[in-house]
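Lettering follows sequence order; numbering is per chain, from 1. Reckoned from all heavy atoms, side chains included, excluding hydrogens, waters and symmetry mates.
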Amino acid sequence: MDRHLRTRRILDTIRDIPEGRVASYGQIADITGLVRGARQVGYALRTLPDGHDVPWHRVITVSGRIAFEKGSSRFKEQRERLMMEGIAVNTGRIDMRTFRWQPDLDELLWKPSSAWDES
DNA sequence: CTGATGACTATAG
DNA sequence: CCTATAGCCATCA
C-alpha cells in the first residue's frame, strides 16, 4: 500500500474519534486495517502537516497514558486539550473503560474502505 | 544494503 | 504500579 494513502486513512480514522473520547495507537491501526501498525500511527502523527484538522490529542497509549514524557511541553498541551473536552487525566492517566472510543458496527461499516480495499 | 530510530505493545518480575 | 526486555515495522541516514 502506498504510504501516502496509508497515512491519509490513518488520519481519517483519527478524525472519526468523537470529542470527549480517546483511542489507542493500536486501536487506530486496527480500525484502519493495518496489522501491528501502532508505530505507523505514531509516525503519521509525528509528521502532521501544518494546518491539519486532526484531533491528535485523542490518541494515547493502550495503557491509558499520554505517550509523551511526563512534564514535557507536548505532554502538557495534550493533557490540556483532553481536559478541555471533559476527559479526566489523573496522574497522567486516563480511564480507558470510561473514555475509550467504541465505534458501533454501523460506524465501522460506513467506512469499509480502510479494512479491505487495497487499491 | 545496513543499522538506528520511535507519538507502540505485550509480557515478566 | 514500575522498570526492563523483546518484538514490531515503516523510515531515514
Side-chain angles (χ1 to χ4, degrees):
Chain A
M1 181 190 288
D2 175 74
R3 74 157 141 169
H4 298 298
L5 174 60
R6 172 158 38 78
T7 295
R8 185 168 58 72
R9 288 182 174 169
I10 288 173
L11 300 185
D12 280 344
T13 300
I14 296 175
R15 288 193 183 87
D16 287 340
I17 305 175
E19 183 177 337
R21 287 308 188 83
V22 297
S24 70
Y25 294 86
Q27 182 185 353
I28 294 302
D30 289 342
I31 295 175
T32 306
L34 304 176
V35 181
R36 289 191 289 284
R39 302 198 89 123
Q40 278 51 244
V41 172
Y43 183 80
L45 286 176
R46 189 163 65 83
T47 57
L48 280 178
D50 291 333
H52 66 80
D53 62 338
V54 181
W56 58 272
H57 58 285
R58 309 212 263 247
V59 184
I60 60 179
T61 71
V62 71
S63 59
R65 279 191 283 220
I66 288 173
F68 298 117
E69 182 185 357
K70 189 177 181 180
S72 65
S73 61
R74 289 195 294 183
F75 175 95
K76 293 175 182 173
E77 182 183 356
Q78 185 166 11
R79 181 183 55 187
E80 183 61 31
R81 285 174 177 270
L82 289 172
M83 295 184 75
M84 195 72 101
E85 47 188 75
I87 297 173
V89 184
N90 301 314
T91 318
R93 310 202 34 207
I94 294 148
D95 186 345
M96 295 301 271
R97 291 181 302 177
T98 303
F99 300 104
R100 180 184 163 90
W101 173 39
Q102 299 183 320
D104 57 32
L105 192 54
D106 265 4
E107 206 167 344
L108 289 176
L109 291 178
W110 189 246
K111 295 196 159 196
S113 61
S114 59
W116 50 77
D117 171 20
E118 70 299 321
S119 75

Would you kindly give the CG-to-C1' distance between A/Asp30 and B/dC8, to the nearest whole Å?
12 Å
What nucleotide, of B/dC8, C/dA10, C/dC1, holds the atom closest to the side chain of A/Arg6?
C/dA10
Could you walk me through whether A/Tyr25 and A/Leu45 satisfy the side chain to side chain contact (heavy atoms under 4.5 Å, CB included) test, starting with their C-alpha distance in whole Å, then the side-chain angles of each, then the deciding distance to 0.1 Å, before giving a yes or no?
CA-CA 10 Å; A/Tyr25 294 86; A/Leu45 286 176; 4.0 Å; yes
In whole angstroms, the gap separating P of B/dA7 from CD of A/Gln27 amounts to 20 Å
Looking at every strand, decide which applies to A/Ser63 at a 4.0 Å heavy-atom threshold: base, sugar-phosphate, or nothing.
nothing
Picking from C/dC2, C/dC9, B/dC8, which would you name as closest to the side chain of A/Arg65?
C/dC2
For the pair made of CE in A/Met96 and C1' in B/dA10, what is the distance, rounded to whole Å?
15 Å
Do A/Arg100 side-chain atoms and A/Ala23 backbone N/O form a donor-acceptor pair below 3.5 Å?
no
Does A/Arg46 put a side-chain nitrogen or oxygen below 4.0 Å from OP1 or OP2 of B/dT5?
no
Treating A/Gln27 as the side-chain partner and A/Gln102 as the backbone partner, does any N or O pair qualify as donor plus acceptor under 3.5 Å?
no
Is a donor-acceptor pair below 3.5 Å formed from side chain A/Arg39 to base B/dC8, judging by atom type as modelled?
yes
Against the side chain of A/Gln40, the closest entry in B/dA7, C/dA10, C/dC1 is C/dA10
Both A/Thr47 and A/Gly37 contact DNA chain C. Taking the nearest nucleotide for each, which residue is further toward the 5' end?
A/Gly37
Verify the cluster assignment for A/Val62 and A/Ile87: are they in a single hydrophobic cluster under the rule of side-chain heavy atoms below 4.5 Å apart?
no
Gap between atoms CD and P, on A/Glu69 and C/dC2 respectively (whole Å):
15 Å
Within the structure shown, what part of the strands sits under 4.0 Å from A/Arg36 by heavy-atom distance: base, sugar-phosphate, or nothing?
sugar-phosphate
Looking only at the side chain of A/Arg3 (C-beta and beyond, no hydrogens), which of the listed nucleotides B/dA7, C/dT11, B/dG6 gets closest?
C/dT11
Rounded to whole angstrom units, what separation is found between the OH atom of A/Tyr43 and the C1' atom of B/dT5?
11 Å
For A/Arg81 and A/Glu77, run salt bridge (charged side-chain N to carboxylate O under 4.0 Å, His left out): C-alpha distance rounded to whole Å, both residues' side-chain angles, the deciding distance at 0.1 Å, then the answer.
CA-CA 6 Å; A/Arg81 285 174 177 270; A/Glu77 182 183 356; 3.2 Å; yes
Could you give the CG-to-C1' distance, from A/Leu48 to B/dG6, as a whole number of Å?
15 Å
Rounded to whole angstrom units, what separation is found between the CD1 atom of A/Ile14 and the C1' atom of B/dA7?
10 Å
Distance, rounded to the nearest Å, where A/Leu45 contributes CG and C/dT11 contributes P
14 Å
